[in-house]
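Some notes on the structure that comes next.
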Amino acid sequence: MALLAAPMLVEGGHTVTSVIRKGDQVADIEETGAVARVSDVEHLDDDATRELIRGNDAIIFAAGAGGGSRERTYAVDRDAAVRLMDAAVAEGVNRFVMVSYVGAGRDNVPQDNPFHAYADAKAQADEHLRGTSLNWTILGPGQLTLDEGTSKIEYGDHVTEGKTSRANVAELAVGAVGRTDLGGVTINFRDGNIAIWEAMESLSRRADRAPVAPLREGTID
């Protein structure tokens, strides 16, 4: 998803830093127009995390352990995310878009289920974000697919499952990060028939705050 979002952000006038774990991913990142930063957020301490995001205006958190061990899932999807949130508060990086999933905080997954660690880690990370002073937006897509993007979604609290193309997630993340008027909003969504721009406009009108002009240019980590 992040690889799809980077060129959209660059085209929109943003300076983008893509944080990656492996050096062999650098070429793919640079092809998008973003700056590649090799750094493993799983193992950074608080000071290194603050240095990583310093000077940026916004963060899109799309990292994930990608399955595997329970310990690594918590280390990336919860602990690294929380460190980045706390670092963002400390460094004044006020805008934070979290890519979560549609069932976070609602799924009651048994502890002996392999999915429990991911569901629990995402729920805890989202809850921590809601408790910060950041201007945050949480994206809750359904099951991710490699289908071609349609720029159309179905959204709302009634969405508890379904499929969502990574391209649609990327487009919504790109649109949302520049809109501080979507602060404090959780968007549960799946592929559907409502244009993404229309969904953002509707959600902005529902938000209990005065609209703020969209952020047109900036630096995004």
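The pair E161-R190 does not count as a salt bridge, with every side-chain nitrogen at least 4.0 angstrom from each carboxylate oxygen. A salt bridge between E91 and R83 is absent, with no side-chain N of the basic residue lying under 4.0 Å from a carboxylate O of the acidic one.
When hydrophobic clusters are built by joining Ile, Leu, Val, Met, Phe, Trp and Tyr residues whose side-chain heavy atoms come closer than 4.5 Å, directly or via intermediates, L4 is not grouped with M1. Hydrophobic cluster membership differs between Y74 and V99, with clusters built from Ile, Leu, Val, Met, Phe, Trp and Tyr side chains linked at under 4.5 angstrom. If you chain together hydrophobic residues whose side chains sit under 4.5 Å apart, V97 and F189 fall into the same group. M200 and L9 fall within the same hydrophobic cluster, where Ile, Leu, Val, Met, Phe, Trp and Tyr residues are linked whenever their side-chain heavy atoms come under 4.5 Å apart, directly or through other members. The hydrophobic cluster containing V76 does not contain L3, counting ILVMFWY residues as joined when their side-chain heavy atoms lie under 4.5 angstrom apart, directly or transitively.
Here the closest non-hydrogen pair linking A62 and A2 is CB-CB, 4.3 Å. Residues K122 and A104 come closest through the heavy atom pair CB-CB, 4.3 Å. Among all heavy-atom pairs drawn from A63 and D77, the shortest one is O-OD1, 3.9 Å. The shortest heavy-atom contact between A36 and I20 is CB-CD1, 4.1 Å. Looking at every heavy atom in both residues, S100 comes nearest to I138 through CB-CG2, 3.8 Å. D191 and T164 get closest at one heavy-atom pair: OD1-CA, 3.4 Å.
In this structure, CG on N193 lies 11.0 Å from CD on E198, to the nearest 0.5 angstrom. A distance of 6.0 Å separates CZ of R106 from OG1 of T160, quoted to the nearest 0.5 Å. Considering CG of N168 and CG of L139, their distance stands at 12.0 Å, rounded to 0.5 Å. I194 contributes atom CD1, which lies 7.0 Å from atom CD1 of I153 (distance to the nearest 0.5 angstrom).
At least one side-chain heavy atom of L52 sits less than 4.5 Å from a side-chain heavy atom of R37. Side-chain contact check for F96 versus N135: every heavy-atom pair is 4.5 Å or farther apart. A 4.5 Å side-chain heavy-atom check between D57 and V93 finds every atom pair outside the cut-off. Taking 4.5 Å as the limit, some side-chain heavy atom of L84 sits within range of a side-chain heavy atom of I53. Proximity of D79 to V82: side-chain heavy atoms (C-beta onward) are nowhere separated by under 4.5 Å.
Side chains of S204 and D181: a donor-acceptor N/O pair is present below 3.5 angstrom, by distance only. Side-chain contact, N56 with T17: no donor N or O sits under 3.5 Å from an acceptor N or O. Defined by atom type and a distance below 3.5 Å, a donor-acceptor pair is missing between the side-chain atoms of H158 and N188. A side-chain N or O of T137 and one of R95 form a donor-acceptor pair less than 3.5 Å apart.
Distance alone, capped at 3.5 Å, places no donor-acceptor pair between the S202 side chain and the A199 backbone. A donor-acceptor distance shorter than 3.5 angstrom exists from the side chain of T73 to the backbone of S69, with no hydrogens or angles considered. Under a 3.5 Å cut-off, the side chain of R78 and the backbone N or O of Q124 do not form any donor-acceptor pair.
In this structure, D45 places its CG atom where more than 12 heavy-atom neighbours from other residues, nucleotides or ligands lie under 6.0 Å away.
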- Task: List the steps and the verdict of salt bridge (Lys or Arg N to Asp or Glu O under 4.0 Å) for R179 and E201.
- Result: CA-CA 10 Å; R179 299 192 58 137; E201 288 296 315; 2.6 Å; yes

- V41 vs T49, side chain to side chain contact (heavy atoms under 4.5 Å, CB included): CA-CA, chis, key distance, verdict: CA-CA 7 Å; V41 296; T49 302; over 6 Å; no

- Message: Run V159 and V102 through side chain to side chain contact (heavy atoms under 4.5 Å, CB included) and show every step you take.
- Response: CA-CA 7 Å; V159 176; V102 71; 4.0 Å; yes

- Task: Might you work through the side chain to side chain contact (heavy atoms under 4.5 Å, CB included) test for S39 and L44, ending with a clear yes or no?
- Result: CA-CA 8 Å; S39 185; L44 297 183; 3.5 Å; yes

Per-pair distances, 0.1 Å, donor-acceptor, side chain in residues 107-118, under 3.5 Å, sequence neighbours excluded:
unit_1: D107; atom_1: OD2; unit_2: Y101; atom_2: OH; d: 2.8
unit_1: N113; atom_1: OD1; unit_2: F115; atom_2: N; d: 2.8
unit_1: H116; atom_1: ND1; unit_2: V109; atom_2: O; d: 2.9

Identify each donor-acceptor pair in which a side-chain atom of residues 21-34 lies under 3.5 Å from a protein atom, sequence neighbours left out, and give them as a table.
unit_1: Q25; atom_1: OE1; unit_2: K22; atom_2: N; d: 3.4
unit_1: T32; atom_1: OG1; unit_2: I29; atom_2: O; d: 2.5
unit_1: T32; atom_1: OG1; unit_2: A34; atom_2: N; d: 3.2

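For the side chain to side chain contact (heavy atoms under 4.5 Å, CB included) with W136, the lone residue among R130, M98, M85 that qualifies is R130.
Hydrophobic cluster membership of V35, counting Ile, Leu, Val, Met, Phe, Trp and Tyr whose side-chain heavy atoms lie under 4.5 Å apart directly or via other members: none, as it forms a cluster of its own.
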